[in-house]
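Note that the structure is a prediction, hence the values are computed from the model and not measured.
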Amino acid sequence: MPAAAVGLSHSPLIGKNDPEPEVLARVDEAVDTARTFIRAFEPDLVVLYAPDHYNGFFYKEMPPFCLATEAHAVGDFGTTAGPLSVETAAAKALAQGVLDRGVDLTVSARMTVDHGFAQPLEVLFGGIDQVPVVPVFINGVATPLGPVSRVRALGTAIGEAAAELDRRVLFLASGGLSHDPPVPVLEGAPPRVADALIEGHPPTPEQRAKGEQRVVRAGRDYAAGSSAMIPINPAWDNRLLDHLERGELAEFDSWTVDGMAKEAGGSAHEVRTWIAAFASLAAASGSYDMVSRFYEAIPAWIAGFAVATAQGR
């Protein structure tokens, strides 16, 4: 089965709190490289691994991962609101294939997604409805978090199931790398915040705008060096990319939840999407080659920002 993978960091601050023009130029070049790679590969199905930021998944029910047979984007941080072009038949086949392989998987018939899903589809394909997609949520924010080995097992099971579809499948990862943005946590939260994290009350447009502005201010403070957030960790980020490039996916099984957060920030767990996508590619193809790799620490976006492409052999 022809298979490929793309990893792309996302940030809600893109276009709102941008770095220097020369940094943007390097990012744009890397993204253009990924677009060219995708056009040459010509996928007819995209399996999109992405996190959520308390817009679709809440503590009332918080699965470690969930596959959607239908999905709708909320339109946060200037991304498009509306339905994704979910290919339901393929989604159901992948879900059954994962369960048949002994990996517990939650399925959503009406998933709500945010910029983590919408941004890569807009950046790489020109819209959230331009390509048949199977969205897969991977929790990277809400504790407790399971071991990374289970995420690798999920990616492997989806890759094996995808190999049975006789499709040209692109495994797309959205998230990370090292970053520590001001994401609310349940433990110790005031009652109003705790209730929102548990029940998921939809914010009013005014509340959403205020929340997004707080993130923009946090990014500006972080770039100015006046923030207590954990610094971006380029050494950790490149260690992750080295393992992915060399196909050393089992190395991630020893990475601990506490160690990842301590070294790379509370939201560094979004790299679980990358691990899943590359595990899928390895399972679908047997082996792969990384074709392109870009990395830059971008404080204005509160992110270690990476773009990578890989082709199955």
Side-chain angles (χ1 to χ4, degrees), residues 1-9 34 37 41 43 46-51 64-67 94 97-105 120 134 136-140 145-165 169-178 233-261 263-264 267-295 304 306-313:
M1 180 200 84
V6 171
L8 174 65
S9 295
F37 172 84
F41 178 67
V46 173
V47 177
L48 171 55
Y49 295 100
F65 24 76
C66 181
L67 182 149
L94 291 180
V98 170
L99 293 168
D100 289 345
R101 287 166 173 80
V103 177
D104 294 335
L105 177 67
V134 176
V136 182
F137 158 76
I138 295 183
N139 177 31
L145 290 159
V148 179
S149 60
R150 296 308 298 162
V151 175
R152 188 167 69 88
L154 170 73
T156 298
I158 288 181
E160 291 175 351
E164 299 175 348
L165 296 179
V169 181
L170 175 71
F171 301 104
L172 175 57
S174 170
L177 304 183
S178 64
N233 189 338
W236 187 89
D237 291 337
N238 280 290
R239 188 161 71 247
L240 171 100
L241 293 170
D242 287 343
H243 287 321
L244 294 174
E245 182 168 0
R246 295 193 290 257
E248 300 168 343
L249 304 182
E251 292 294 321
F252 297 118
D253 292 359
S254 65
W255 287 27
T256 66
V257 172
D258 290 342
M260 292 171 70
E263 286 194 72
S267 289
H269 294 292
E270 288 186 355
V271 301
R272 292 164 177 255
T273 64
W274 288 65
I275 295 167
F278 278 79
S280 292
L281 177 59
S285 302
S287 59
Y288 62 81
D289 296 305
M290 188 171 279
V291 178
S292 65
R293 169 176 165 175
F294 168 85
Y295 173 79
V307 187
T309 64
Q311 179 81 52
R313 292 176 183 167

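Rounding to the nearest 0.5 Å gives a distance of 9.5 Å between CE of Met260 and CD of Glu263. Atom CG of Leu48 and atom OG1 of Thr273 lie 8.5 Å apart (nearest 0.5 Å). One finds the CG atom of Asn238 at 11.0 Å from the CG atom of Leu244 (value rounded to the nearest 0.5 Å). The CG atom of Asp100 lies 8.5 Å from the CD atom of Glu164; values are rounded to the nearest 0.5 Å. We find the CG-CG distance between Leu94 and Leu67 to be 6.5 Å, quoted to the nearest 0.5 Å. Atoms OG and CG, from Ser9 and Leu177 in turn, are 4.5 Å apart once rounded to the nearest 0.5 Å.
Residues Val271 and Gly176 share a closest heavy-atom pair of CG1-CA, 4.4 Å. Contact detail for Ala3 and Gln311: the closest heavy-atom pair is O-NE2, 3.5 Å. When every heavy atom of Gly97 is checked against every heavy atom of Ala161, the shortest pair comes out as CA-CB, 4.0 Å. Considering all non-hydrogen atoms of both residues, Leu249 and Ala279 come closest at CD1-CA, 3.5 Å. Scanning both residues, Ala276 and Val151, for their nearest heavy atoms gives CB-CG1, 3.8 Å. Contact detail for Ala310 and Leu281: the closest heavy-atom pair is CB-CD2, 3.7 Å.
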Please assess Glu248 against Arg152 for the test salt bridge (Lys or Arg N to Asp or Glu O under 4.0 Å), listing each intermediate value before the final yes or no. CA-CA 11 Å; Glu248 300 168 343; Arg152 188 167 69 88; over 6 Å; no
Under the side chain to side chain donor-acceptor pair (under 3.5 Å) criterion, do Tyr295 and Asp237 qualify, and how do the steps go? CA-CA 8 Å; Tyr295 173 79; Asp237 291 337; 2.5 Å; yes
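For the pair Leu170 and Val47, the minimum side-chain heavy-atom distance is 4.5 Å or more. Looking only at side-chain heavy atoms (C-beta outward), Arg272 and Leu145 come within less than 4.5 Å of each other. In this structure, the side chains of Glu245 and Leu241 stay at 4.5 Å or more apart for every pair of heavy atoms. Side-chain contact between Tyr49 and Ile275: absent, with no pair of heavy atoms (C-beta onward) separated by less than 4.5 Å. Side-chain contact between Thr309 and Phe41 is absent, with no heavy atoms from C-beta onward closer than 4.5 Å. The side-chain heavy atoms of Val98 and Leu154, taken from C-beta on, include a pair separated by under 4.5 Å.
Ring geometry for Phe252 versus His243: interplanar angle over 60°, hence perpendicular rather than tilted (30 to 60°). Ring pair Trp274/Phe278 is parallel by interplanar angle, where below 30° counts as parallel and above 60° as perpendicular.
Between Arg293 and Asp242 a salt bridge is recorded (basic side-chain N to carboxylate O distance below 4.0 Å).
Under the 3.5 Å distance criterion, the side-chain polar atoms of Ser285 are left unmatched by any main-chain donor or acceptor of Ala282. Formation of a donor-acceptor pair under 3.5 Å by the Ser178 side chain with backbone atoms of Ala268 is not found in this model. Between the side chain of Asn233 and the main chain of Ala264, no donor-acceptor pair closer than 3.5 Å is present. Judged by distance alone, the side chain of Ser280 and the main-chain N or O of Gly155 form a donor-acceptor pair under 3.5 Å. A distance-only check finds no donor-acceptor pair linking the side chain of Arg150 to the backbone of Gly146 [under 3.5 Å].
Checked against side-chain hydrogen bond (donor to acceptor under 3.5 Å, both in side chains), Ser174 has the following partners two or more places apart in sequence or in another chain: His10. Every ring-ring contact (aromatic ring centres under 6.0 Å, His included) that Phe137 has, sequence neighbours left out, goes to Phe57.
The residue from Ile158, Val134, Val6, Val46 that alone fulfils the side-chain contact (heavy atoms from CB on, under 4.5 Å) condition with Phe171 is Ile158.
For Asp289, the CG atom sits in a packed shell: over 12 heavy atoms of surrounding residues, nucleotides or ligands are nearer than 6.0 Å.
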